[in-house]
**Student:** 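Input: one structure, supplied below.
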Amino acid sequence: MSSALAQEKGTIYYMVPTLLDEFQTESVNAIESFLAQVGYETVTLNADNKTDVQQSQMNDTILLDPEAIVIAPVDFNALTPSIERAREAGVPVMIFDRQITSTKVDFTSVAGTVEIGHIAAREIQRLLEEKNGSVSGKVLQVLGDPGDPYTLDIQQGFEERMADHADVEIISLPAMQWEASNAGSIVADQLLANPDIDLIFVHAAHLAVAAVASLEAAGKKPGDLLLVSSNGAPVGLDLIRQGWEQVEVEQPLYAQAAAIAMFADKVVNGEEIAPGTYDVLGLESELTIEEWGPNLKIPGAAITSENVDEPRFWGNLTPPSDPIKPVE
């Protein structure tokens with residue numbers, strides 16, 4: 001697409017919280033590419049995981065009067081005043097990846113995080129049955145930071161679907177600040193305290209890397225303990241290829257970014273967004289009108305050794321080639 005065409009509808013600013021992980025760097029690539037396809041130039045501002053920096057970026061950007069602002073928030077509640085200022089100034093605000101429910105926004109594109117937990121539960125039930133002959137055994141669940149609703153939603157969905165399986169014991173512990181080293185320590189400690197663990201379920205692929213390091217340190221080989229992760233990062237897909245990990249439940253990055261582009265015209269022009277089911281890169285996604293505004297929830301998918309190389313998964317870093325079409 002030519003630069004001129006990419007700018008024909010104006011500029012949208014994307015506030016990314018950090019560029020320290022692959023999900024965030026690939027989100028920048030996807031959002032800039034998809035918005036260009038529907039006629040917008042994107043300027044990305046990195047907050048380096050600092051709330052005050054993102055607040056300042058928001059306030060400065062409002063003065064530039066862009067067509068819209070897209071935010072992946074560092075801190076959900078701290079950005080509420082800046083969002084309200086933007087909308088009062090006539091600048092619509094779209095939320096990417098994490099919900100902000102404390103104030104009105106113009107559009108939200110998120111993964112179905114409770115549903116990621118449901119998918120993980122289904123896959124874990126299958127793996128336990130294959131290993132033990134029934135849905136039974138001991139599962140170590142390593143959460144991310146307990147202050148993050150992303151991990152709490154996954155836990156809720158997972159435990160909802162495991163509740164009927166009384167022969168499964170679940171040990172749940174948080175890796176504070178999503179630190180991989182904390183996850184590694186949890187796994188190392190639990191291997192000593194509970195040597196009969198059948199399966200480890202971690203809530204992000206970078207935690208799975210630390211889990212594998214602890215398994216190796218304990219003399220384990222790929223497949224000795226089952227391992228399931230969620231978010232679909234490249235390192236998780238590599239662990240599947242190496243045999244350490246059996247399932248990665250993807251957070252649908254490309255579809256979340258595509259939805260921003262699909263609904264950009266509606267948001268920029270102040271048009272009504274209708275609830276219902278939308279096809280987003282082949283994923284059946286549900287749009288509801290919530291107290292905070294239109295909310296599109298996009299389902300994840302289970303990645304295994306059988307489908308790990310499919311380009312539709314963002315962890316393979318191959319953005320979809322199908323053109324993005326604005327919602328009429």
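Side-chain atoms are counted along with the backbone in the values below, which use heavy atoms only and exclude waters and symmetry mates.
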**Student:** Is it the case that the side chain of T108 and the backbone of N295 share a donor-acceptor pair, with hydrogens and angles ignored and the cut-off at 3.5 Å?
**Tutor:**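 Here the side-chain-to-backbone pair does not exist.
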**Student:** Can you see whether E26 engages N29 through a side-chain donor-acceptor pair at a distance of less than 3.5 angstrom?
**Tutor:**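 Yes.
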**Student:** Would you kindly confirm whether V110 and F34 end up in one hydrophobic cluster when ILVMFWY residues are joined by side chain heavy atoms under 4.5 Å apart?
**Tutor:**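 No.
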**Student:** Donor-acceptor pair, S214 side chain versus G184 backbone, under 3.5 Å?
**Tutor:**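 The answer is yes, because a donor-acceptor pair under 3.5 Å joins these two groups.
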**Student:** Each residue besides V114 in its hydrophobic cluster should be listed here, by chain and number; the cluster joins Ile, Leu, Val, Met, Phe, Trp and Tyr at side-chain heavy-atom distances under 4.5 Å.
**Tutor:**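 When side chains under 4.5 Å apart are linked, V114 ends up in no cluster with other residues.
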**Student:** Decide yes or no for I69 and M15: does some side-chain heavy atom of the first lie under 4.5 Å from some side-chain heavy atom of the second?
**Tutor:**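 Yes, their side chains come closer than 4.5 Å.
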**Student:** Classify the side-chain pair T103/T80 by whether it contains a donor and acceptor separated by less than 3.5 Å.
**Tutor:**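 There is no such pair between these side chains.
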**Student:** With salt bridge (charged side-chain N to carboxylate O under 4.0 Å, His left out) as the rule and sequence neighbours excluded, what pairs involving residues 10-23 come up?
**Tutor:**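 Checked against salt bridge (charged side-chain N to carboxylate O under 4.0 Å, His left out) - neighbours excluded - no pair reaches residues 10-23.
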**Student:** Looking at P146 and L152, what are the two nearest heavy atoms and their distance?
**Tutor:**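 That closest heavy-atom pairing would be O-CD1, 3.3 Å.
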**Student:** A side-chain contact here means heavy atoms from C-beta on lying under 4.5 Å apart; do E41 and I12 qualify?
**Tutor:**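 In short, these two side chains do not touch, never coming nearer than 4.5 Å.
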**Student:** Not counting sequence neighbours, which residues clear salt bridge (charged side-chain N to carboxylate O under 4.0 Å, His left out) with D265? List them please.
**Tutor:**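 Listed in chain order: K9.
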**Student:** Can you check whether A78's main-chain N or O pairs, donor with acceptor, with D75's side chain at less than 3.5 Å?
**Tutor:**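 Checking the backbone N and O of A78 against the side chain of D75, a donor-acceptor pair under 3.5 Å is found.
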**Student:** Taking it one step at a time, do L239 and V212 satisfy side-chain contact (heavy atoms from CB on, under 4.5 Å)?
**Tutor:** CA-CA 9 Å; L239 290 176; V212 166; 4.0 Å; yes
**Student:** Looking only at heavy atoms, which two atoms of A72 and P17 are closest? And how far apart?
**Tutor:**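 In terms of heavy atoms, the two residues are closest at O-CD, 3.2 Å.
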**Student:** Going by atom types alone, do S134 and E129 pair a side-chain donor with an acceptor below 3.5 Å?
**Tutor:**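 Distance-only check fails for S134 and E129.
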**Student:** Output yes when a side-chain donor or acceptor of N307 lies under 3.5 Å from a complementary backbone atom of T304, and no otherwise.
**Tutor:**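 Yes; at least one donor-acceptor contact below 3.5 Å.
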**Student:** Does this structure show an ion pair linking E123 with R126, if we count only N-O contacts that are shorter than 4.0 Å?
**Tutor:**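 The answer is yes: the pair qualifies as a salt bridge.
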**Student:** Drop me the distance from I71's CD1 to R98's CZ, to the nearest 0.5 angstrom.
**Tutor:**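 Going from CD1 on I71 over to CZ on R98, the span is 14.5 Å.
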**Student:** Salt bridge between R241 and D238, side-chain N to carboxylate O under 4.0 Å?
**Tutor:**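 Here R241 pairs with D238 in a salt bridge, since their nearest N and O are under 4.0 Å apart.
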**Student:** Roughly how far apart are S109 OG and I260 CD1, rounded to 0.5 Å?
**Tutor:**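 So the gap between those two atoms works out to 5.0 Å.
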**Student:** Could you pull out all residues at least two apart from E290 that satisfy salt bridge (charged side-chain N to carboxylate O under 4.0 Å, His left out)?
**Tutor:**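 Salt bridge (charged side-chain N to carboxylate O under 4.0 Å, His left out) check on E290 returns nothing, list empty.
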**Student:** Would Q177 and N182 count as having a side-chain donor-acceptor pair, cut-off 3.5 Å?
**Tutor:**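 No, because no side-chain N or O of Q177 sits under 3.5 Å from a partner of the opposite role on N182.
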**Student:** Would you say the side chain of I324 lies within less than 4.5 Å of the side chain of L281, judging by non-hydrogen atoms?
**Tutor:**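 When only atoms from C-beta onward are counted, I324 and L281 do touch, with a gap below 4.5 Å.
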**Student:** Between A261 and L35, what is the shortest heavy-atom contact and its length?
**Tutor:**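 Closest approach of A261 to L35: CA-CD2, 3.8 Å.
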**Student:** Considering only heavy atoms from C-beta outward, does the side chain of E245 approach that of S229 to under 4.5 Å?
**Tutor:**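 In contact.
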**Student:** Between V74 and M176, is there shared hydrophobic-cluster membership here, with clusters defined by ILVMFWY side-chain heavy atoms closer than 4.5 Å?
**Tutor:**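 Cluster IDs for V74 and M176 differ.
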**Student:** Using the rule that Ile, Leu, Val, Met, Phe, Trp and Tyr join whenever any side-chain heavy atoms are under 4.5 Å apart, tell me whether L143 and L207 fall into a single cluster.
**Tutor:**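 Different hydrophobic clusters.
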**Student:** So do V247 and L127 actually touch side chain to side chain, heavy atoms under 4.5 Å?
**Tutor:**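 L127 reaches V247 side chain to side chain.
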**Student:** Between S27 and Y14, is there a side-chain donor-acceptor contact under 3.5 Å, judged purely by atom types and distance?
**Tutor:**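 Per modelled atom types, Y14 and S27 side chains form a pair under 3.5 Å.
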**Student:** Which other residues end up in the same hydrophobic cluster as I240, if Ile, Leu, Val, Met, Phe, Trp and Tyr are linked when side-chain heavy atoms come under 4.5 Å apart?
**Tutor:**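 Other cluster members: L237, I303, V308, F313.
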**Student:** Of the non-hydrogen atoms in G300 and I119, which two are nearest, and what is the gap between them?
**Tutor:**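 In terms of heavy atoms, the two residues are closest at O-CD1, 3.5 Å.
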**Student:** Between D148 and D145 (side chain of the first, backbone of the second, donor and acceptor by atom type, cut-off under 3.5 Å), is there such a pair?
**Tutor:**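 No; zero donor-acceptor contacts below 3.5 Å.
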**Student:** If the condition is salt bridge (charged side-chain N to carboxylate O under 4.0 Å, His left out), which residues does K138 pass it with, not counting sequence neighbours?
**Tutor:**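 So K138 forms a salt bridge (charged side-chain N to carboxylate O under 4.0 Å, His left out) with E169, D196.
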**Student:** Once rounded to the nearest 0.5 Å, what's the spacing between atom CG of L140 and atom CG of L173?
**Tutor:**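 L140 atom CG to L173 atom CG measures 6.0 Å (nearest 0.5 Å).
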**Student:** Can you check whether T101 reaches E291 side chain to side chain, under 4.5 Å on heavy atoms?
**Tutor:**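 Side chain of T101 against side chain of E291, heavy atoms only: no contact under 4.5 Å found.
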**Student:** Taking all atoms of both residues into account, what is the closest heavy-atom pair of A180 and H206, and its distance?
**Tutor:**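 Heavy-atom minimum between the residues: CB-O, 3.8 Å.
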**Student:** Find out whether the Lys NZ or Arg CZ of R312 is both under 6.0 angstrom from the six-membered ring centre of Y254 and within 45° of the ring's axis.
**Tutor:**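 Not flagged: R312 not positioned over aromatic ring of Y254.
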**Student:** Which residues pass the ring-ring contact (aromatic ring centres under 6.0 Å, His included) test with F107, not counting sequence neighbours?
**Tutor:**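 Checked F107 against ring-ring contact (aromatic ring centres under 6.0 Å, His included); matches are F263.
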**Student:** Using the rule that two of Ile, Leu, Val, Met, Phe, Trp, Tyr join whenever any of their side-chain heavy atoms come within less than 4.5 Å, decide whether V235 and F23 are in one cluster.
**Tutor:**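 No, it is not one cluster - the side chains of V235 and F23 are not joined through contacts under 4.5 Å.
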**Student:** Determine the minimum heavy-atom distance between L283 and A255, stating which atoms define it.
**Tutor:**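 Nearest pair, atom of L283 first, then A255: CD1-CB, 3.8 Å.
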**Student:** Just by modelled atom types, is the D52 backbone N or O under 3.5 Å from a matching donor or acceptor in the S56 side chain?
**Tutor:**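 Answer holds: no.
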**Student:** Sub-3.5 Å donor-acceptor pair from the side chain of E248 to the main-chain atoms of A302, do we have one?
**Tutor:**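 Absent.
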**Student:** For K104, which residues count as a salt bridge (charged side-chain N to carboxylate O under 4.0 Å, His left out) partner, sequence neighbours excluded?
**Tutor:**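 Checked K104 against salt bridge (charged side-chain N to carboxylate O under 4.0 Å, His left out); zero matches.
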**Student:** Is it the case that the side chain of W314 and the backbone of N231 share a donor-acceptor pair, with hydrogens and angles ignored and the cut-off at 3.5 Å?
**Tutor:**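 The answer is yes, because a donor-acceptor pair under 3.5 Å joins these two groups.
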**Student:** Is a donor from one side chain sitting under 3.5 angstrom from an acceptor on the other, for E310 and N316?
**Tutor:**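 N316 and E310 do not have a side-chain donor-acceptor pair below 3.5 Å.
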**Student:** Under the rule for ring-ring contact (aromatic ring centres under 6.0 Å, His included), what residues qualify as partners of W244, not counting sequence neighbours?
**Tutor:**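 ring-ring contact (aromatic ring centres under 6.0 Å, His included) list for W244, sorted by chain: empty.
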**Student:** Do the charged groups of K266 and E271 touch, with an N to O distance under 4.0 Å?
**Tutor:**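 Looking at E271 together with K266, the answer is yes, because their closest N to O distance falls below 4.0 Å.
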**Student:** To the nearest 0.5 angstrom, please state how far the CG atom of N77 sits from the CD1 atom of I100.
**Tutor:**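 Here the interatomic distance stands at 8.0 Å.
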**Student:** Test of understanding: with ring-ring contact (aromatic ring centres under 6.0 Å, His included), list the residues that count as partners of F201, not counting sequence neighbours.
**Tutor:**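 For F201 the ring-ring contact (aromatic ring centres under 6.0 Å, His included) partners, ignoring immediate neighbours, are F158, H203.
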**Student:** What distance separates I116 CD1 from D153 CG, expressed to the nearest 0.5 Å?
**Tutor:**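 Between atom CD1 of I116 and atom CG of D153 there are 9.5 Å.
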**Student:** Quick one, D48 and T18 - any side-chain contact, counting heavy atoms below 4.5 Å?
**Tutor:**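 In short, these two side chains do not touch, never coming nearer than 4.5 Å.
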**Student:** Step by step, work out the side-chain contact (heavy atoms from CB on, under 4.5 Å) result for I200 and L226.
**Tutor:** CA-CA 6 Å; I200 300 170; L226 299 167; over 6 Å; no
**Student:** Provide the full list of side-chain hydrogen bond (donor to acceptor under 3.5 Å, both in side chains) pairs with a residue in residues 317-328, sequence neighbours left out, each pair given once.
**Tutor:**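 Every candidate side-chain hydrogen bond (donor to acceptor under 3.5 Å, both in side chains) pair involving residues 317-328 fails, so no pair, neighbours aside, qualifies.
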**Student:** Do Q251 and Y150 have side chains that get closer than 4.5 Å, going by heavy atoms?
**Tutor:**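 They are in side-chain contact.
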**Student:** Output side-chain donor-acceptor pairs under 3.5 Å for residues 159-167, partner residues at least two apart or in another chain, one line each.
**Tutor:**
residue	atom	partner	partner atom	Å
E159	OE2	Q141	NE2	3.1
E159	OE2	Q155	NE2	3.1
E159	OE2	S172	OG	3.4
E160	OE1	H118	NE2	2.8
E160	OE2	Q156	NE2	3.1
R161	NH2	H118	ND1	3.4

**Student:** Got a salt bridge between K220 and E216, using NZ or NE/NH1/NH2 to carboxylate O under 4.0 Å?
**Tutor:**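 No, K220 and E216 are not salt-bridged.
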**Student:** Linking I/L/V/M/F/W/Y whenever their side-chain heavy atoms sit closer than 4.5 Å, directly or via other members, would I289 and Y278 fall into one cluster?
**Tutor:**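 Yes; Y278 is reachable from I289 via cluster members.
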